[in-house]
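Scroll down for the structure; my scribbles are underneath it.
Chain A is the first sequence line, chain B the second, and so forth, proteins listed ahead of strands; every chain is numbered from 1. Everything numeric in this text was worked out from a predicted model, so none of it was measured.
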2 protein chains.
Amino acid sequence: MATSDNSRQVLLERLQGSGLRPTPQRELVFQSLMAQRDHPTAEEVFARVKSQIPSISLATVYNCLETLVARGLVRSVNFERGPTRYCPNLHPHAHFHDEETGSTHDIDLPDGLLDQVKTILPPGYDASSVEIIFRGKAAQPAGDN
Amino acid sequence: MATSDNSRQVLLERLQGSGLRPTPQRELVFQSLMAQRDHPTAEEVFARVKSQIPSISLATVYNCLETLVARGLVRSVNFERGPTRYCPNLHPHAHFHDEETGSTHDIDLPDGLLDQVKTILPPGYDASSVEIIFRGKAAQPAGDN
DNA sequence: AGTGAGAATTAGAATTGTTCTAAAGTGATT
DNA sequence: AATCACTTTAGAACAATTCTAATTCTCACT
Ligand SMILES: [Mn+2]
Ligand SMILES: [Mn+2]
Ligand SMILES: [Zn+2]
Ligand SMILES: [Zn+2]
């Protein structure tokens, strides 16, 4: 199918373009995130990829995730002091943290909302990023996550 | 002056009202947050209050902060995986994290903005809180923080 | 004022998530 | 084949926070 091949290409290009190697570990970690987009923690990614590469180490998973985030292929999200979660959705979006289930949902942002929100900043404040986090109860799971 | 006496009263009332004791440690931790509203970490609060009560322990500072947050007298804020910071500003506000200085600034929210932002949630999502975090470079320090 | 039960504080151990270190592996380049 | 940079790996180290168990304090009740 197109999606996975396409994103694989993007991955390879981005890594090459930065002088980084497209190792099996990096590819697998990325694939895993793309395949199950439920904002897993590093430990969860580790558990998922072990079946494909049983020798992979947790340190490598952390290394790969860090690389993917640094190359802009993946976003990291934090809720309070919980473990960092990883998200392959590159569209501008907010996060909804369901306090009952612990699950995290992507919320698409209407065009222009981030700019509108930046509007509340007093003069002199230059925001390079805006993050919006909702907490509460989500209704029907309807899909993965 | 009115402010400190007033907030001290609020503190005492809230603690009493929950069957909690207004201990010197709790009062001091709260005072310290009110006096220097720069979003200190627990360690920073610890360092600040030690001069008044040299025997206070870090565990107690954590305990007091947790109590204050639980009673709604103080908010906790997190940036990525950094240490939790504490904020006595109870008005609805966003946070601006200055990436150069590491300082944190409160950004007042225009009335109705949070409700407006909640508007982007699909049906079935019920948000109990919305958090907005800016990251970037702030201009003039102009005051404390 | 004195007592006792529960609440709070304390120091230090334990826990969690993450990063660091040092050694071994990989693969292109000479 | 030797070299070199990059990567992976296991385990140690680390930072922030929470837990534990002992002690101290508070305060309602005598
Ligand atoms: Mn949660
Ligand atoms: Mn920072
Ligand atoms: Zn996401
Ligand atoms: Zn604040």
Notebook entry, point to check: Which part of the nucleic acid, if any, lies within reach of A:Thr60 when heavy atoms closer than 4.0 Å are counted: base, sugar-phosphate only, or nothing?
Noted result: base
Next item on the list: Could you point out which residue of A:His97, A:Glu99, A:Glu80 forms a side-chain hydrogen bond (donor to acceptor under 3.5 Å, both in side chains) with A:Arg135?
Entry: A:Glu80
Next item on the list: Compare the minimum distances between each of C:dA8, C:dC20, D:dT7 and the side chain of A:Leu20, then state the nucleotide with the smallest one.
Entry: D:dT7
Check: Between D:dT7, D:dT9, C:dT18, which nucleotide gets closest to the side-chain atoms of A:Ser57?
Finding: D:dT9
Check: Would you say the side chain of B:Leu58 lies within less than 4.5 Å of the side chain of B:Glu43, judging by non-hydrogen atoms?
Finding: yes
Next item on the list: Provide, to the nearest angstrom, the distance between the CG atom belonging to A:Leu65 and the P atom belonging to D:dT8.
Entry: 11 Å
Check: Quick one: on DNA chain D, does B:Pro22 or A:Pro22 contact a more 5' nucleotide (nearest heavy atom)?
Finding: A:Pro22
Notebook entry, point to check: Between B:Pro83 and B:Arg21, who's closer to the 5' end of DNA chain D by nearest nucleotide?
Noted result: B:Pro83
Margin query: Students often mix this up, so state it plainly: with edges at 30° and 60°, are the rings of B:Phe96 and B:Phe134 parallel, tilted or perpendicular?
Written below: parallel
Note to self: Under 4.0 Å, counting only non-hydrogen atoms across every strand here, what does B:Gln25 touch: a base, just sugar-phosphate, or nothing?
What the structure shows: sugar-phosphate
Notebook entry, point to check: Could you give the CZ-to-C1' distance, from B:Arg81 to C:dT16, as a whole number of Å?
Noted result: 8 Å
Next item on the list: In whole angstrom, give the distance that lies between atom CG of B:Asn63 and atom C1' of D:dT24.
Entry: 15 Å
Item checked: B:Ile56 or A:Tyr62, whichever maps to the more 5' nucleotide of DNA chain C -> B:Ile56
Notebook entry, point to check: Please give, in whole Å, the distance from C:dA8 C1' to B:Phe30 CZ?
Noted result: 19 Å
Margin query: Just to be sure I understand the rule, does A:Thr41 reach a base, reach only the sugar-phosphate, or reach nothing, if contact means heavy atoms closer than 4.0 Å?
Written below: nothing
Margin query: In whole Å, I'd like the distance from the CZ atom of A:Phe46 to the P atom of D:dG11.
Written below: 11 Å
Next item on the list: Tell me whether the OP1 or OP2 atom of C:dG17 has a side-chain N or O from A:Thr84 closer than 4.0 Å.
Entry: no
Check: Checking A:Arg81 side chain against B:Gly82 main chain: does a donor-acceptor pair fall under 3.5 Å?
Finding: yes
Next item on the list: Please state how far atom CG in A:Leu58 lies from atom P in D:dA13, giving the value in whole angstrom units.
Entry: 18 Å
Margin query: Without decimals, in angstroms, what is the distance between B:Glu66 CD and C:dT9 C1'?
Written below: 14 Å
Next item on the list: Starting from C1' on C:dT9, measure out to CZ on B:Arg26 and report it in whole angstrom.
Entry: 10 Å
Next item on the list: Kindly point out which of C:dA11, C:dT18, D:dT7 is positioned nearest to the side chain of A:Thr23?
Entry: D:dT7
Check: Between the side chains of A:His39 and A:His95, does any donor sit under 3.5 Å from an acceptor?
Finding: yes
